[in-house]
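Structure first, commentary second.
Residue numbers begin at 1 in each chain, while the letters A, B, ... track the order of the sequences.
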Number of protein chains: 2
Amino acid sequence: MGNKLPALTRDELIRRLMDAGVAPTAQRIAVAQYVMCEGDHPTAEEVANAVRTRLPMISRATIYNTLGRLVEVGLLREVRVPHDESLHYDGNLDPHHHLIDKGSGEIVDLDFNEVQIANLDLLRERYRFDKLVVTIEGTIPHA
Amino acid sequence: MGNKLPALTRDELIRRLMDAGVAPTAQRIAVAQYVMCEGDHPTAEEVANAVRTRLPMISRATIYNTLGRLVEVGLLREVRVPHDESLHYDGNLDPHHHLIDKGSGEIVDLDFNEVQIANLDLLRERYRFDKLVVTIEGTIPHA
DNA sequence: TTTAATGCAAAGCGTTTGCACTGCT
DNA sequence: AGCAGTGCAAACGCTTTGCATTAAA
């Protein structure tokens, strides 16, 4: 697993949703629980598969709407990776980077301080950008 | 422009196609010329718009086929960026990285040595990956 | 009862594919 | 004639949207 997600209780999860202004329906709790606690940068389809083991009737529309809503309120982040056209969802809210294994497609979380760009000040000076998310594509052998 | 592409003559372009085993038809020359010399990480649609000023009859299928073929033979690279679902094509064959401006979506080429990861050896040791492409997402003000 | 959320189906967008047509060789 | 390349249109995968139904406050 390329991710370390918090094990939230149902009540903590519900509180997070409510604090974000999202009414905690059964469907939204299930989606949030999976992406925020269990999944590993899942796609919408992977969320659907996982959530349907518990909520067989949930529709694609609700899953997409919920994921979009959770991204909107900042409880989730979208991640787009090379060689995969579908959007992935990231429940890790801490600032962090991603290492993409081009072989398996796996997304490994790298702690923010785990990636130190030596000449960052120079880059910032030249391009004057703020915020920083680094994605490293590599190939992890026999992973 | 976030790119520095070589100004190839038509003959040089044709030779490159032939060397790669791609028959140099008018359509393929036009597509190759645009992505390899003129465009700035264009999408297929941007390629279509540009190429159609000179070759109004070219079809989407031919553009997609040609782009795919050029990627296949290594004359182009695919680039997928966050917040944009469509594939971009990169005519810059030198090893390099990308800085994505989240504001405008612009893709700026960074020379390979312009990005130095301080603790790369440590990262390599931990994840044992080879090859390395770095994408930095930031926001360039009033760009 | 008023309002929000869900589910279904249809539409949308980017991309791929099947197949007939064109145009070199 | 043979064959690669092209173009059209249909199909495809992922995502979004419109709308009727359902559940909740």
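Remark: of the listed residues A:D109, A:T135, A:N92, A:D109 is the sole one forming a side chain to side chain donor-acceptor pair (under 3.5 Å) with A:H98.
Whole-Å rounding puts the A:I29 CD1 to D:dA23 P distance at 16 Å. For A:L17 and D:dA24, the CG to P distance is 16 Å, given to the nearest whole Å. Rounded to whole Å, atom C1' of D:dT15 lies 10 Å from atom CZ of A:R80.
Using modelled atom types, one side-chain atom of A:E114 and one backbone atom of A:D111 make a donor-acceptor pair closer than 3.5 Å.
Where DNA chain C meets chain A (any atom under 4.0 Å from a heavy atom), the bounding nucleotides read 5' to 3' are C:dA5 to C:dC8.
Every residue meeting the side-chain contact (heavy atoms from CB on, under 4.5 Å) condition with B:N119, not counting sequence neighbours, appears here in chain and number order: A:Q116, B:I117, B:L122, B:L123. With sequence neighbours excluded, the residues forming a side-chain contact (heavy atoms from CB on, under 4.5 Å) with B:R15 are B:D19, listed by chain and number. Partners of A:H97 under the ring-ring contact (aromatic ring centres under 6.0 Å, His included) rule, at least two apart in sequence or in another chain, are A:F112.
For the OP1/OP2 pair of D:dT15 and a distance below 4.0 Å, the side-chain nitrogens and oxygens of A:Y64 include at least one atom meeting the criterion.
Through side-chain heavy atoms spaced under 4.5 Å, either directly or across other Ile, Leu, Val, Met, Phe, Trp or Tyr residues, A:I58 is tied to A:L8, A:L13, A:I14, A:L17, A:M18, A:V22, A:I29, A:V31, A:Y34, A:V35, A:M36, A:V47, A:V51, A:L55, A:I63, A:L67, A:L70, A:V71, A:V73, A:L75, A:L76, A:L87, A:Y89.
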Table of protein N/O atoms under 3.5 Å from nucleotides 3-13 of chain D N/O atoms:
| unit_1 | atom_1 | unit_2 | atom_2 | d |
| --- | --- | --- | --- | --- |
| D:dG5 | OP1 | B:R28 | NH2 | 2.5 |
| D:dG5 | O5' | B:R28 | NH2 | 3.3 |
| D:dT6 | OP1 | B:T25 | OG1 | 2.3 |
| D:dT6 | OP1 | B:Q27 | OE1 | 3.1 |
| D:dT6 | O3' | B:Q27 | NE2 | 3.2 |
| D:dG7 | OP1 | B:M57 | O | 3.2 |
| D:dG7 | OP2 | B:S59 | N | 3.1 |
| D:dG7 | OP2 | B:T62 | OG1 | 3.0 |

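By the 6.0 Å contact criterion, CZ on B:R77 is enclosed, its count of non-hydrogen atoms from other residues, nucleotides or ligands being greater than 12.
Side-chain contact check for B:D84 and B:S86: at least one donor-acceptor pair (N or O, by modelled atom type) lies under 3.5 Å.
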